[in-house]
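Input: a single structure, listed below in structure tokens.
What you see is a predicted model, and the numbers here were worked out from it, not measured in a lab.
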Amino acid sequence: MTIQEHQAWVKQFYESRNWYRFNPLIRMNFLTEEMGELTQVVRTIELGRDHPGEHQATPEELRNHLKEELCDVFDQALILCSKYDLDPAEVFQYGENKLKRRFDSKD
């Protein structure tokens, strides 16, 4: 699956549930929420979690949780790309070019 294929799929999925209607400013709140969830799982992986009554996750569960939260963050970014009619591949290329210029990279 390409990034563009996933972007089209997630856009259709959000539209079918009437979630796509939210404007980019509201969408940023959703992205922030997902970043918080990603932060929590990374903290748990890196530092552990000592919370009474909470299930002690296995390494496989933590890895799956990390994938879930990363995907949620990516999906919010892809919806923002869609809202602004940006091709994610073009956005990635733009970022790569910026870093190459900034650090005078020949790669």
Tell me the closest heavy-atom pair linking [X] and [Y], and the distance in Å.
| X | Y | value |
| --- | --- | --- |
| Pro88 | Cys81 | CA-SG, 4.5 Å |
| Glu69 | Glu34 | OE1-OE1, 3.4 Å |
| Arg27 | Tyr20 | NH2-CA, 4.2 Å |

Path from Leu78 to Val91 over hydrophobic side-chain contacts below 4.5 Å: no
Is there any ring pair (Phe, Tyr, Trp, His ring centres under 6.0 Å) pair reaching into residues 46-84, and which pairs are they, with sequence neighbours excluded? none
Nearest 0.5 angstrom please: [X] [atom1] to [Y] [atom2], how far?
| X | Y | atom1 | atom2 | value |
| --- | --- | --- | --- | --- |
| Gln56 | Glu61 | CD | CD | 9.5 Å |
| Thr32 | Gln76 | OG1 | CD | 9.5 Å |
| Gln7 | Thr2 | CD | OG1 | 9.0 Å |
| Asp75 | Leu80 | CG | CG | 11.0 Å |

Would you please say whether a donor-acceptor pair under 3.5 Å links the side chains of Tyr14 and Ser82? no
Quick one: list whatever passes side-chain contact (heavy atoms from CB on, under 4.5 Å) with [X], sequence neighbours left out.
| X | result |
| --- | --- |
| Ile26 | Phe22, Asn23, Phe30 |
| Asp87 | Gln4, Ala89, Glu90 |
| Arg17 | Phe13, Trp19 |

Please list, one pair per line, the donor and acceptor atoms closer than 3.5 Å that link side chains of residues 38-48 to other protein atoms, with sequence neighbours excluded.
| unit_1 | atom_1 | unit_2 | atom_2 | d |
| --- | --- | --- | --- | --- |
| Thr39 | OG1 | Met35 | O | 2.8 |
| Thr44 | OG1 | Gln40 | O | 2.9 |

State, yes or no, whether a side-chain contact exists between [X] and [Y] at a heavy-atom distance under 4.5 Å.
| X | Y | value |
| --- | --- | --- |
| Gln12 | Ser16 | yes |
| Leu70 | Lys67 | no |
| Glu37 | Val73 | no |

Identified side-chain hydrogen bond (donor to acceptor under 3.5 Å, both in side chains) partner of Asn97 from the options Lys100, Arg101, Gln93: Gln93
List the residues meeting salt bridge (Lys or Arg N to Asp or Glu O under 4.0 Å) with Glu60, not counting sequence neighbours, and say none if there are none. none
